[in-house]
Structures are given as structure tokens and as C-alpha cells.
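FYI, side chains are in, hydrogens and waters are out, and symmetry mates aren't considered; it's all heavy atoms of this structure. Lettering of chains follows the sequences in order, A, B, ..., and the numbering in each one begins at 1.
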Amino acid sequence: MKQKTFLISGFIASLFLAGVVSFYASSSPDGLEKVAGEIGFLDSAKEHTNSDGVLADYGVKGVENARLSTGAAGVIGVIATGAISTGLFFLIRRKPGGIK
Amino acid sequence: MHIPDGFIGLPTSGAFAVVAAAGVAISIRGAKSSLDEKTAPLAGLTATFIFAVQMLNFPVAAGTSGHLLGAALAAVLIGPYAATLAITIVLILQALLFADGGLSALGLSIFNMSIVAVWFGYGVFLLVKKIAPKKKVSISIAAAIAALLSVPAAAAGFVLQYAIGANATFSISAVFTAMIGTHLLIGIGEALITFFAVGAVLASRSDLVYGYKNQVSQLEIRAN
């Protein structure tokens, strides 16, 4: 498979998972939250500094439809992660021909 | 396993932030040799895929869910240094954009998931790869076993932080037992996802997989 085809397929799969499949994810507490609740230290958690943020808790503020809200947050996250991480990895990569 | 603010006291959180920052600095230097024109985009894609799959919580036991951590997956695909960086980028974006994982706890989470899980997972991968038959499928199996164990390893990192500086005073052994037990279960899901994801990349572009390249081919590349 060509490198370009491979990267585009992976990116589209990520968009699909975060944009569509994420709606069906389990909303039960995760392992740490569950343990914290059972043992009793869940109360020591403070509210998140950014809990009023536009994308807080993987939803777009103001979008009523849950499917759309989660999906859009997922798509924004995939694009942001893709752009920022690929940019940074290119910055630190070994430059062709260079010894530095 | 994104730690919220408040579970662990600020002095401990600060100390782990310093350790995490040092680990990230070392990883930036270490990743340089494994990242080139071809593998840098794969590293970006790995971070992107991990972000996406971390949104997919799967049920593990009564009223509990888990999601991919991605540490072993990233270590096998792009090498441990780049993996540390990939998971760190995901954790920072999740905390800043999505209010997932406390900002003061970011150093704690980076230590557990980007450093402990990645390097422990990579160690297990190398061990299993060494004793397994020299076949392509052994790479996926070694990655899956590494994934299974990397999740409780990250959980053990949290227990260490809890023991040093928790704001609550519940028994450390109770926290240890509950954390390891729950995260071994989550590790099974982690192992399955990692097995298929590594298998898919090996089937389409095995030349890009860091953990598949053997010593000989790396020496050849350097000699050229």
C-alpha cells in the first residue's frame, strides 16, 4: 500500500471512530473513577478548571443533539491531534542529509 | 485513568510534573533517530488514532468501563520515545480542550501513561518477541501481551502516587488491589485492540513498524 493511501485510510478510520462510533461508547465510570467510588475517595476530586469549556466532556457546547455534539467534538479532536502531533513529529525528526 | 484534580496533593503532583517533563525532554532527543520523512507522519497518525479510540469506552464489569490506553500499541508502531511523545500530546489536548484529566494532575497522568505504561509495555514486548518464533504474527501477539500488562502497570503508577500524596486516607493496599484487578480486566480489551491494530499495520505497511524491524536491517540502514 502506498504511504499516502495508508495515512489517509488511517485518518479516515480515526474520524469515523471519533465522529460516529463514539456515540455508542459506554458511559459507565472508568476504572479509576469506579475504584475511587468504591474505596471512597471520589469526593476528593475537584471540578475541572475547564469544565465550562466549549468542548468539555467531549461535547460541543450549545449543540442539543447528543449524537451531533459528541461526533463534532470527536472530529475536532481528531483534526487537532492530527495537525499538532504530525507538526511536532516533523519538527523533531532527523533531517535528511543532516548530521545534527 | 485520567486523574482529576484533587485526588493527589499539589506537592506530589508538582514533583511528578518535574519527572514527567524530564521524561518528555529525554524522549524528544531519543525520538530523533527513529523519526524520519516516512515515520514522522506515522507517529502523527498513531497519536490521532489513539485519541479517537480513547473516546470509545467499552464495558468491562458491572458498571465499569475502560478504553484503550495505547501505550504498547504506540511503542511497537513508532518506538518508545516517540510513543511517550504521542501519548503526552493526546493527554495534554484531552485536558486542555475536553476537560478530561485535571490540569494540576497532568504530570501524574503523563508519568503513568506516557512513561510507565510505554516503557514497561515496550520491555514486555521485547521479552516476548525474543522468545517467540520469528514470525510476523509473533509481533502482534507480543504487542498484545505488552498491552495487557501495560494497563495494570499504569494503574500501579497511580497507586504509588496515591501512597505518596493522596488527599484521602484510605488503605493503600485496598486501592492497590482494586486498581490492579480492574485494570487487568481493561487490559484484556487493550490487548485485543492492540493485536488487531498492530496486525492491520503489519499487513499493509510492515516496513513502517518500529518493533518489526530487526537489528540487522537497522544496521544496514545506518551503513548506507
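Among A/Gly37, A/Ala18, A/Gly82, A/Gly31, the residue with the largest count of heavy-atom pairs under 4.5 Å with chain B is A/Gly31. Between chain B and the options A/Ser44, A/Ala73, A/Ala36, heavy-atom pairs under 4.5 Å are most frequent for A/Ser44. Ranked by heavy-atom pairs shorter than 4.5 Å toward chain A, the options B/Ser34, B/Ala155, B/Ser204 are led by B/Ser204. Contact count versus chain B (heavy atoms, under 4.5 Å) is highest, among A/Asp30, A/Asp57, A/Thr86, for A/Asp30. Interface summary for chain A: among B/Gly63, B/Ala203, B/Ala82, the most heavy-atom pairs under 4.5 angstrom belong to B/Gly63. Between chain B and the options A/Asn50, A/Val54, A/Leu32, the largest number of non-hydrogen pairs under 4.5 Å is found for A/Leu32. In terms of heavy-atom pairs under 4.5 angstrom with chain B, the leader among A/Ala56, A/Gly87, A/Ala80, A/Gly19 is A/Ala56. Contact tally against chain A (heavy-atom pairs below 4.5 Å) for B/Ile28, B/Leu97, B/Ile78: the top residue is B/Leu97.
With a threshold of 4.5 angstrom between heavy atoms, B/Phe7 approaches chain A through its backbone and through its side chain. For chain B, the nearby part of A/Leu88 is the side chain; its heavy atoms alone come within less than 4.5 Å. When heavy atoms are compared at a cutoff of 4.5 Å, B/Ala62 approaches chain A solely by way of its backbone atoms N, CA, C and O. Contact annotation for B/Ile50: neither backbone nor side-chain heavy atoms come within less than 4.5 Å of a heavy atom of chain A. Looking at A/Lys46, the atoms closer than 4.5 Å to chain B (heavy atoms on both sides) sit in the backbone and in the side chain alike. Both the backbone and the side chain of B/Ala43 come within contact range of chain A, with heavy atoms under 4.5 Å apart. Neither the backbone nor the side chain of B/Ala200 comes within less than 4.5 Å of any heavy atom of chain A. Contact of B/Leu56 with chain A is made through backbone and side chain together, with heavy-atom distances under 4.5 Å. With a 4.5 Å cut-off on non-hydrogen atoms, A/Ala83 does not touch chain B at all. Heavy atoms of B/Ile3 lying under 4.5 Å from chain A belong to its backbone as well as its side chain. With a 4.5 angstrom heavy-atom cutoff, B/Ser65 touches chain A via backbone and side-chain atoms both.
Between the OG1 atom of B/Thr194 and the CG atom of B/Leu73 there is a distance of 5.0 Å, given to the nearest 0.5 Å. To the nearest 0.5 Å, atoms CZ (B/Phe49) and OG (A/Ser14) are separated by 6.0 Å. How far CG of B/Leu42 is from CG of B/Leu208: 5.5 Å, rounded to the nearest 0.5 Å. If you take CG on B/Leu108 and CG on B/Leu91, they are separated by 11.5 Å, rounding to the nearest 0.5 Å. Within the model, atoms CG of B/Leu77 and CZ of B/Arg205 stand 13.0 Å from one another, a figure rounded to the nearest 0.5 Å. Between B/Arg29 atom CZ and B/Tyr81 atom OH the span is 10.5 Å, to the nearest 0.5 Å.
Using a 4.5 Å heavy-atom cutoff, the side chains of B/Leu106 and B/Ile92 are in contact. Contact check for A/Phe90 versus B/Pro41: side-chain heavy atoms found under the 4.5 Å cut-off. You'll find the side chain of B/Thr84 reaches within 4.5 Å of the side chain of B/Trp119, heavy atoms only. Using a 4.5 Å heavy-atom threshold, the side chains of A/Ser85 and B/Thr48 count as touching. Put simply, the side chain of B/Leu93 does not reach to within 4.5 Å of the side chain of B/Phe51, judged on heavy atoms. In this structure, the side chains of B/Tyr210 and B/Pro80 come closer than 4.5 Å at one or more pairs of heavy atoms. In this structure, B/Met55 and A/Leu17 have side chains that are not in contact, with every pair of non-hydrogen atoms separated by 4.5 Å or more. Looking at B/His67 and B/Ile186, their side chains never come closer than 4.5 Å, going by heavy atoms from C-beta outward.
When every heavy atom of B/Leu68 is checked against every heavy atom of B/Gln54, the shortest pair comes out as O-CG, 3.2 Å.
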With side-chain contact (heavy atoms from CB on, under 4.5 Å) as the test, would you mind laying out the steps for B/Phe158 and B/Ile8 before giving the verdict?
CA-CA 9 Å; B/Phe158 173 78; B/Ile8 310 293; 4.0 Å; yes
Show your working on side-chain contact (heavy atoms from CB on, under 4.5 Å) between B/Leu184 and B/Val151 and close with a plain yes or no.
CA-CA 7 Å; B/Leu184 258 176; B/Val151 183; over 6 Å; no
Test log, rule side-chain contact (heavy atoms from CB on, under 4.5 Å), inputs B/Ser104 and B/Leu10:
CA-CA 7 Å; B/Ser104 76; B/Leu10 285 178; 3.9 Å; yes
Please lay out, stage by stage, how B/Thr64 and A/Ser28 fare under the test side-chain contact (heavy atoms from CB on, under 4.5 Å).
CA-CA 5 Å; B/Thr64 313; A/Ser28 295; 5.6 Å; no
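Contact residues of residues 58-70 of chain A toward chain B are A/Tyr58, A/Thr70 (heavy-atom distance under 4.5 Å). Residues of residues 2-12 of chain A placed with any heavy atom under 4.5 Å of a heavy atom in chain B are listed by number as A/Lys2, A/Gln3, A/Phe6, A/Leu7, A/Gly10, A/Phe11. Near-neighbour residues of residues 160-181 of chain B relative to chain A, defined by a heavy atom under 4.5 Å from a heavy atom of that chain, comprise B/Tyr162, B/Ala168, B/Phe170, B/Ala174, B/Val175, B/Ala178, B/Met179.
For the salt bridge (Lys or Arg N to Asp or Glu O under 4.0 Å) condition, the pairs that include at least one residue of residues 34-52 of chain B, sequence neighbours left out, are A/Arg93-B/Glu37, A/Arg94-B/Asp36, B/Lys38-B/Asp207.
A distance-only check finds a donor-acceptor pair linking the side chain of B/Glu190 to the backbone of B/Gly70 [under 3.5 Å]. Within the 3.5 Å criterion, the main-chain N or O of B/Gly101 finds a donor-acceptor partner in the side chain of A/His48.
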